[in-house]
J.: 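Right, I'll just put the structure down here and ask away after.
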Amino acid sequence: MKSLFITEKPSVAREFANALNINASSKNGYLEGDKAVITWCVGHLVTMSYPDKYDAALKRWQLETLPFLPKEWKYETIPAVKKQFDIVSGLLNREDVDTIYVCTDSGREGEYIYRLVDQQAQVPHKNKKRVWIDSQTKDEVIRGVKEAKDLSEYDNLASAAYLRAKEDYLMGINFSRVLTLKYGWALGNCMNQKKSVVVAVGRVMTCVLGMIVNREREIRDFVPTPFYKVLSKIDLDGMEVESEWKAVKGSNYFESPLLYKDNGFLKKEEAEKMIAYLEDGTNHLTKVESSSKRQEKKNPPLLYNLAELQNQCSKMFKLSPDETLKVIQSLYEKKLVTYPRTDARVLSTAVSKEIAKNISGLQNYGPLSGYAKEILQKKSYQGLAKTKYVDDKKITDHYAVIPTGQGIGSIGNISQMEQKVYDIIARRFLSIFMPPAVYSKIKLVTKTKEESFISNFKILVEPGYLKVANQKDTQKNDSLSPEQIQKILSLKKNMELSVKEYTIKDGTTTPPKRYNSGSLILAMENAGQLIEDEELRAQIKGSGIGTSATRAEIIKKLVTNRYIKLNKKTQIVTPTLMGEMIYIVVGASIRPLLNPELTASWEKGLNYVAQGSVSEDEYMKKLESFVARRTDSVKNSNHQNALRQAYSQVSKYYVNNK
């Protein structure tokens, strides 16, 4: 009898054959050895059937046939890959095959790919095992096969995968049809297309469109507020120190309505008035309130997950999320990095115990060889399991993206972009074994009459992990010399200092920034909330919109549908006129689709199904009820006039760029 291994693509099949020492010969669509057969799925081989396969009459879009909620679901082989499906199906049902190893991608979508094939091929009761791996290195493949669990242990994950597909199908089919039938012609007339426009709607896609349009409207409606800061230039024995006024407790302006925040006036005359007050009778002198120095440590950031990498590559290399994923997937298939489609930014306890292997391999990677050797010599990796970089509770399917430490010899043969992305992954990885960066923070507070002026200085004392993470940071010169620091720290309370002059610094509030492709991915990961600070993101990370595996594809689909534009040079994302009109239609008809928190709650529900805490039936009832209620609501709505009014209001913003 033989074992059958099912992978997702031919290249992976060959890697499995090599790793498992299967001396296999090439056949038509599979590899075969004495004791094993290895085949592949080339992505999805089976898909959900369109409504017309349930009833030919459903090919025509009609309000009377909505909502469409099938009681028994139909699936079919994708015509373009039918040949490979027939090969895989034949192998699954071969009498000499008694054990099936499922080696598709270790995640929800990979699970779904196999389960559909298994279902469509009507595979009999055989011994089915699930291979779950984090990289394609030989050791990991061997471990994955050796520790393969019974496929039934992944039934909850499979249920979540089926439900995700049904959810996207039901919302896409019903909402796209009902909105097109109700408002397609009105939209077409507004856009001068003289035909009905298809309103393409998706559970995640429409929510992301909403985020982009909302941001554009915030920018559009933004009214800048000018403000005026008061500065003092203090002479400290020939050294000029600039201080900024702040309305602290005791100030004449503490919590005053005349201020913007607590350090700027809304009117320039008020700033001028305060300067005149400070100069009156003080003989251009100010008194020292305090001078202090404290140390601040900055620890290395958490490791990369896919979203953080997509954001970084968007900023550094102007890559779209889709392009970044392709690069990392290529590195994964070349055994250089671990599994890319992960939400985790930490390692598992088990991996942390073996982490020296990954570091050891990087001794052969030229740019970071010295750091890898230093970490190994000092044994800085010991005790890693007790740090914030290891947390089993924060890992669902896979741990963070890190270098495997293998395949270093092939780096010279990969593309330049692959080398760049590999380098930032390796740098982030080695950073966690380095000491924190240490800064000295110097603060000088002076007081003129009741008003306080503050100077802050931040000086890098020990670069620590910054040497590895970003070499440019270590090139910065300290803003103060040791002598200047000593001058400030030697000042005592009530000492008088000379003020050269008081000046006014103009400022203006700025509108929110448009999303770029990377920040949009991060906002999706945090349920529509863009949190710029990386450490804060790590603390409040909750349910996301979409998954690490699907977010890049969603943005790509919005671009393809011409609902948004993605500037390839800057990666800035903006809506098109059609995109904003779709937003208006959905907002008037099925507003919850634009709510990131609601969309994230659906994703959270799928996670509960995968964990086994919510049943498939329970989730399905909730889903069908939502789709039916919202579809019926649109059927009874009438927003055509409002749509025309909205078009006249927003079209002026797209005169040169529709």
J.: Suppose we screen for side chain to side chain donor-acceptor pair (under 3.5 Å). Which residues come up paired with Lys126, at least two apart in sequence or across chains?
T.: none
J.: Would the number of heavy atoms belonging to other residues, nucleotides or ligands and lying under 6.0 Å from OH of Tyr75 be above 12?
T.: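 Atom OH in Tyr75 is crowded, with more than 12 foreign heavy atoms closer than 6.0 Å.
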J.: So Lys568 and Glu323, salt bridge (Lys or Arg N to Asp or Glu O under 4.0 Å) or not? Walk me through it.
T.: CA-CA 11 Å; Lys568 287 189 176 180; Glu323 289 167 333; over 6 Å; no
J.: Could you tell me if the side chain of Pro403 sits less than 4.5 Å from the side chain of Leu336, heavy atoms only?
T.: no
J.: Output all residues satisfying side chain to side chain donor-acceptor pair (under 3.5 Å) with Gln136, sequence neighbours left out; order by chain, then residue number.
T.: none
J.: Under the side chain to side chain donor-acceptor pair (under 3.5 Å) test, which residues partner Lys334, sequence neighbours left out?
T.: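 Expected list: Ser330, Glu418.
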J.: If I compare all heavy atoms of Leu92 with all of Val117, which pair ends up nearest, and what's the gap?
T.: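 That would be CD1-CG1, 3.8 Å.
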J.: From the options Val88, Thr7, Leu31, select the one residue that forms a side chain to side chain contact (heavy atoms under 4.5 Å, CB included) with Thr39.
T.: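 Passing option: Val88.
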J.: Determine whether the aromatic ring centres of Tyr30 and Trp40 lie less than 6.0 Å apart.
T.: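 Ring centroids of Tyr30 and Trp40 are no less than 6.0 Å from each other.
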J.: Check whether the side chains of Glu618 and Tyr608 place a donor and an acceptor atom closer than 3.5 Å, and report yes or no.
T.: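 Looking only at side-chain atoms, Tyr608 and Glu618 do not form any donor-acceptor pair under 3.5 Å.
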J.: Would you call Asp105 and Arg341 a salt bridge, using N to O less than 4.0 angstrom?
T.: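 Looking at Asp105 and Arg341, the cut-off is met.
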J.: What residues form a ring pair (Phe, Tyr, Trp, His ring centres under 6.0 Å) with Trp602, not counting sequence neighbours?
T.: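 Listed in chain order: Tyr619, Phe626.
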J.: Are Gln312 and Glu308 close enough that a side-chain donor and a side-chain acceptor fall under 3.5 Å?
T.: no
J.: For Asn93, check side chain to side chain contact (heavy atoms under 4.5 Å, CB included) against everything at least two apart and list the hits.
T.: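 Expected list: Ser89, Ala121, Pro124.
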J.: Taking salt bridge (Lys or Arg N to Asp or Glu O under 4.0 Å) as the definition, give me every residue that meets it alongside Lys27, ordered by chain and number, with sequence neighbours left out.
T.: none
J.: Do Glu140 and Lys335 sit within salt-bridge range, that is, some charged N less than 4.0 Å from a carboxylate O?
T.: no
J.: Can you list the steps and then say if Tyr162 with Trp73 is a ring pair (Phe, Tyr, Trp, His ring centres under 6.0 Å)?
T.: CA-CA 11 Å; Tyr162 272 97; Trp73 291 81; 9.7 Å; no
J.: Quick check: closest heavy atoms across Cys207 and Ile545, and the distance to 0.1 Å?
T.: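 Cys207 and Ile545 have their closest heavy atoms at SG-CD1, 3.8 Å.
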J.: Quick test of your reading of the model: are Arg203 and Glu167 salt-bridged, counting only N-O distances below 4.0 Å?
T.: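 Looking at Glu167 together with Arg203, the answer is yes, because their closest N to O distance falls below 4.0 Å.
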J.: Any idea which heavy atoms bring Gln571 and Ser314 closest together, and the distance?
T.: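 Residues Gln571 and Ser314, closest heavy atoms: CB-OG, 3.6 Å.
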J.: Do Thr404 and Ser135 get their side chains close enough for a donor-acceptor pair, meaning under 3.5 Å?
T.: no
J.: Work out which heavy atom in Glu111 is nearest to a heavy atom in Thr104; give both atom names and the distance.
T.: N-OG1, 4.3 Å
J.: Are Glu354 and Lys357 ion-paired here, with the side-chain N under 4.0 Å from a carboxylate O?
T.: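 Answer for the salt bridge query: yes.
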J.: Using the side chain to side chain contact (heavy atoms under 4.5 Å, CB included) criterion, which residues pair with Lys420? Sequence neighbours excluded.
T.: Phe317, Met417
J.: Determine the sole option in Thr560, Asp322, Leu520 for which the side chain to side chain contact (heavy atoms under 4.5 Å, CB included) test with Ile555 is passed.
T.: Leu520
J.: Is it true that Asp118 and Lys128 make a salt bridge, defined as a side-chain N closer than 4.0 Å to a carboxylate O?
T.: yes
J.: Are the charged groups of Lys82 and Asp86 less than 4.0 angstrom apart, N to O?
T.: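 Result for this pair is yes, salt bridge flagged.
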J.: Show me the donor-acceptor pairs, under 3.5 Å and distance only, between side chains in residues 57-70 and residues at least two apart or in other chains.
T.:
residue	atom	partner	partner atom	Å
Thr65	OG1	Gln62	O	2.8

J.: Nearest 0.5 Å, what's the NZ-CG distance between Lys129 and Leu4?
T.: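 One gets 15.0 Å once the value is rounded to the nearest 0.5 Å.
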J.: What are the two closest heavy atoms between Glu525 and Asp343, and how far apart are they?
T.: OE2-O, 4.3 Å
J.: Suppose we screen for side chain to side chain contact (heavy atoms under 4.5 Å, CB included). Which residues come up paired with Ser152, at least two apart in sequence or across chains?
T.: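 For Ser152 the side chain to side chain contact (heavy atoms under 4.5 Å, CB included) partners, ignoring immediate neighbours, are Asp150, Asp155.
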J.: Give a yes or no on whether Asp34 atom CG has more than 12 heavy-atom contacts from other residues, nucleotides or ligands under 6.0 Å away.
T.: no
J.: Are Asp423 and Tyr365 close enough that a side-chain donor and a side-chain acceptor fall under 3.5 Å?
T.: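 Looking only at side-chain atoms, Tyr365 and Asp423 do form a donor-acceptor pair, the distance falling under 3.5 Å.
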J.: Is any NZ, NE, NH1 or NH2 atom of the basic residue among Glu553 and Lys326 found under 4.0 Å from an Asp or Glu carboxylate oxygen of the other?
T.: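 Salt bridge absent between Glu553 and Lys326.
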J.: Do the side chains of Glu109 and Arg164 get close enough for a salt bridge, i.e. N-O under 4.0 angstrom?
T.: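 The answer is yes: the pair qualifies as a salt bridge.
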J.: Identify, with sequence neighbours excluded, every residue that meets side chain to side chain donor-acceptor pair (under 3.5 Å) alongside Tyr183.
T.: Ser637
J.: Can you sort out the partners of Ile142 under side chain to side chain contact (heavy atoms under 4.5 Å, CB included), two or more places apart, ordered by chain and number?
T.: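 Partners of Ile142 under the side chain to side chain contact (heavy atoms under 4.5 Å, CB included) test: Leu20, Lys138.
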J.: Please evaluate residues Val634 and Leu179 with respect to the criterion side-chain contact (heavy atoms from CB on, under 4.5 Å), reporting the C-alpha separation (whole Å), side-chain torsions for both, the decisive distance (0.1 Å), and the verdict.
T.: CA-CA 7 Å; Val634 177; Leu179 289 172; 3.8 Å; yes
J.: Show every salt bridge (charged side-chain N to carboxylate O under 4.0 Å, His left out) that has at least one partner inside residues 66-78, sequence neighbours left out.
T.: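 Non-adjacent pairs meeting salt bridge (charged side-chain N to carboxylate O under 4.0 Å, His left out): Lys53-Glu76.
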